[in-house]
Amino acid sequence: MFKKLRNRFLIVNLVSISIMMLVAFITIYTITYQNVQRETNMELYKVSDFYHSPYSPMGSQIPRGDGHSGGSGSGASSSAGSDADTSTERGTSTHTGTDTDTGTGTGASGSTSGSVESSGPGTGSGTDSASDAMPSSAGRGGNGGKAGGEFGGNPGPGGDLNAPPARSVSFMIQTDDQWNITGTHSRFDMEEAFYKEALQKVDRSLVSEGERQTDQFALDGTDWAYVVDPSGEGYMIVFMDVTAQQGILTNLIYTFAVVGLAMLIVIYFLSRYFANRSIAPVREAFEKQKQFIADASHELKTPLAIINTNTDVLLANQEETIESQAKWLHYIKSETERMSGLTNDLLYLTQMDDSRSNLIHTTFNMSDAVESIILPMEAVIFEKNISLDYNIVPDLNVHGNREQIKQVILILLDNAVKYSGPKGSVNVTLQKLNHDVMLTVFNTGEGIAPEHLDRIFDRFYRTDSSRARKHGGHGLGLAIARSIVEQHKGEIYAKSVVGEGASFYVRLS
């Protein structure tokens with residue numbers, strides 16, 4: 001029964017903890033996933049915005065001769081004004097006008113006619129004339145810069161303005177409204193087949209007019225996120241590698257699976273250990289209850305058998321007078337009184353255990369209570385040829401119920417007289433011990449074996465049942481004494497030396 005109870009406890013505990021761990025992981029994973037997706041989308045939008053910027057290959061609107069990047073090495077520039085600008089070839093420009101501007105440009109090589117001159121690889125200088133407008137761009141060509149050499153884009157304040165953010169691995173596909181590729185761009189060498197495969201992975205059903213839509217897919221073991229942006233009469237699709245971000249989420253799942261499994265194993269053994277410890281008091285109480293029922297049944301069985309036997313004798317001799325049958329009637333009365341005492345003791349113990357005894361606790365004179373028990377017992381002790389010696393410190397007060405404490409004193413003194421042996425002695429001491437009052441009852445005799453000292457306060461427990469019954473006991477006296485002392489927040493225990501005697505101690509405050 002207790003094994004089933006323990007297993008049910010373990011199952012409930014593990015299921016509850018598993019549910020809580022799963023809920024916690026789902027929460028953590030959801031928050032992490034949303035953060036990763038938000039950061040991915042922000043990075044993706046940055047890359048997409050780059051391709052729409054004036055410094056990007058698409059923003060410059062320079063034709064792409066090779067299908068991968070726009071106008072490789074083209075550095076032509078134009079300026080609007082009252083005068084006409086003429087560009088003859090890459091790296092060469094002619095400007096005339098009434099006002100004078102000074103500009104610099106870079107190119108592989110070139111010559112200028114008119115008022116602009118350039119010399120040397122990658123360097124040009126000259127004067128431009130414009131009446132009312134600034135040049136919209138200045139050409140970079142040849143190997144004059146990484147971005148200009150790769151994309152043939154427009155100049156900026158400095159740096160690689162024609163390249164997407166360096167943190168991301170990305171590429172771009174430009175299509176018409178029929179999803180036919182019209183242009184591509186990448187910082188890496190990629191085959192045309194790869195662009196086509198990537199374009200086929202795009203979910204075209206997500207595209208809505210005038211709005212950017214994002215999604216993800218896996219291609220050749222790499223995770224890609226993309227954004228579809230309607231652009232003119234076609235679409236611009238920007239792709240970005242998000243394998244690292246997806247790896248974070250995957251590792252999070254694996255980590256939780258391993259850690260969760262390890263924790264469940266640890267929790268199982270811990271739960272089993274604490275379950276066994278938690279069930280131990282229940283098992284002990286159950287065993288005591290079984291023993292209590294068995295002992296009570298035994299205690300009631302004997303007097304009932306005696307009563308039944310004596311009743312049969314009386315019925316068998318109905319013609320006899322009551323006087324001649326008196327001894328059988330005395331046996332019946334004796335056993336009836338014994339059963340009555342046993343029943344009263346059991347009822348009293350039940351009331352003590354259930355805390356139904358609402359007796360008033362007050363401060364009373366413990367010294368007077370002990371003397372009031374000893375004095376009536378002196379005659380009985382003298383008749384049994386037992387010496388009595390007592391030492392009681394006067395005016396020692398304790399807080400509790402006077403009648404219950406007197407019952408404890410009577411139980412201990414009665415046991416001492418019963419088991420002191422012929423020509424034995426009993427000693428009672430009441431003294432102050434620190435802030436408490438200590439009552440000691442000692443009697444000579446056989447004493448109590450060490451293995452019995454911890455159990456003599458249990459119900460119906462007797463070291464020698466035959467001797468206990470001879471003395472009229474049924475093993476409930478010390479159990480009642482312990483219940484009373486515990487209700488008074490005190491302590492009761494015994495010490496004994498086999499062959500010399502036993503001492504019982506009661507500490508009260």
Side-chain angles (χ1 to χ4, degrees), residues 1 283-354 356-357 377 380-381 383-384 386 407-408 410-422 424 443 445-449 451-484 494 502 504:
M1 181 183 69
R283 181 187 289 110
E284 183 180 357
F286 181 78
E287 295 298 331
K288 287 184 177 180
Q289 189 72 14
K290 286 175 60 178
Q291 186 65 36
F292 171 77
I293 295 173
D295 293 338
S297 300
H298 178 73
E299 290 294 331
L300 293 173
K301 181 180 179 180
T302 301
L304 285 174
I306 295 174
I307 292 173
N308 187 55
T309 302
N310 287 276
T311 303
D312 289 340
V313 172
L314 291 174
L315 292 174
N317 301 280
Q318 297 182 16
E319 69 280 359
E320 298 290 336
T321 62
I322 295 177
E323 183 179 357
S324 63
Q325 304 292 328
K327 66 175 182 178
W328 312 116
L329 294 175
H330 283 302
Y331 291 154
I332 293 174
K333 186 176 187 308
S334 176
E335 294 302 323
T336 303
E337 290 175 352
R338 179 179 173 82
M339 288 179 59
S340 177
L342 176 61
T343 305
N344 290 334
D345 287 345
L346 291 174
L347 180 61
Y348 184 80
L349 277 173
T350 303
Q351 291 175 342
M352 294 291 294
D353 291 342
D354 294 343
R356 290 198 296 261
S357 181
M377 292 280 294
V380 177
I381 295 173
E383 289 179 359
K384 293 186 176 183
I386 298 173
Q407 186 176 1
V408 173
L410 180 61
I411 290 172
L412 296 179
L413 189 58
D414 183 62
N415 275 358
V417 172
K418 287 179 182 179
Y419 297 103
S420 61
N443 67 276
E446 297 180 1
I448 304 172
E451 62 269 18
H452 298 302
L453 283 176
D454 294 334
R455 300 192 60 189
I456 58 176
F457 295 99
D458 293 343
R459 300 172 184 179
F460 296 111
Y461 186 81
R462 291 171 295 199
T463 58
D464 189 341
S465 58
S466 61
R467 290 185 69 249
R469 186 167 185 82
K470 180 181 177 181
H471 291 296
H474 41 67
L476 290 177
L478 292 178
I480 293 175
R482 182 180 65 175
S483 296
I484 294 174
F504 287 84

Trainee: Which heavy atom of Asn317 sits nearest a heavy atom of Gln325, and at what distance?
Mentor: CB-NE2, 3.6 Å

Trainee: Please round to the nearest 0.5 Å and tell me the distance separating atom CG of Leu342 and atom OG1 of Thr302.
Mentor: 10.5 Å

Trainee: Quick check against the 3.5 Å criterion: does Asn310 have a side-chain atom that pairs as donor or acceptor with the backbone of Ile306?
Mentor: yes

Trainee: Kindly say whether Ser340 contributes a backbone atom to a donor-acceptor pair with the side chain of Asn344 at under 3.5 angstrom?
Mentor: yes

Trainee: Counting only N and O atoms by type, is there a donor-acceptor contact under 3.5 Å from the side chain of Gln318 to the main-chain atoms of Leu315?
Mentor: yes

Trainee: Which residues satisfy the side chain to side chain contact (heavy atoms under 4.5 Å, CB included) test with Thr336, sequence neighbours excluded?
Mentor: Ile307, Ile332

Trainee: Any idea which heavy atoms bring Ser420 and Ile386 closest together, and the distance?
Mentor: OG-CD1, 3.1 Å

Trainee: Please list, chain by chain and in numerical order, all residues satisfying side-chain hydrogen bond (donor to acceptor under 3.5 Å, both in side chains) with Asp458, sequence neighbours excluded.
Mentor: none

Trainee: Would you say the side-chain atoms of Ser324 and Thr321 include a donor-acceptor pair closer than 3.5 Å?
Mentor: yes

Trainee: Quick check for you: to the nearest 0.5 Å, what is the distance between Ile484 atom CD1 and Gln407 atom CD?
Mentor: 4.0 Å

Trainee: Restricting to pairs with a member in residues 306-320, which pass salt bridge (charged side-chain N to carboxylate O under 4.0 Å, His left out), not counting sequence neighbours?
Mentor: none

Trainee: Can you tell me how far CG of Leu476 sits from OG of Ser483, rounded to the nearest 0.5 angstrom?
Mentor: 10.0 Å

Trainee: Applying ring pair (Phe, Tyr, Trp, His ring centres under 6.0 Å), name anything that partners His330, two or more places apart in sequence or on another chain.
Mentor: none

Trainee: Indicate the atoms forming the closest heavy-atom contact of Tyr419 with Asn443, along with that distance.
Mentor: O-ND2, 3.5 Å

Trainee: With sequence neighbours excluded, what pairs up with Lys290 under the side chain to side chain contact (heavy atoms under 4.5 Å, CB included) test?
Mentor: Phe286, Glu287

Trainee: Do Phe504 and Leu413 come within less than 4.5 Å of each other through their side chains, counting heavy atoms only?
Mentor: no

Trainee: When rounded to the nearest 0.5 angstrom, what distance separates CD1 in Ile448 from CZ in Arg455?
Mentor: 13.5 Å

Trainee: Side-chain contact test, heavy atoms from C-beta onward, threshold under 4.5 Å: evaluate it for Thr311 versus Trp328 and give yes or no.
Mentor: no

Trainee: If every non-hydrogen atom of Ala494 is compared with every non-hydrogen atom of Ile456, which pair is closest and at what distance?
Mentor: CB-CD1, 3.8 Å

Trainee: Partners of Lys384 by side-chain hydrogen bond (donor to acceptor under 3.5 Å, both in side chains), sequence neighbours excluded?
Mentor: none

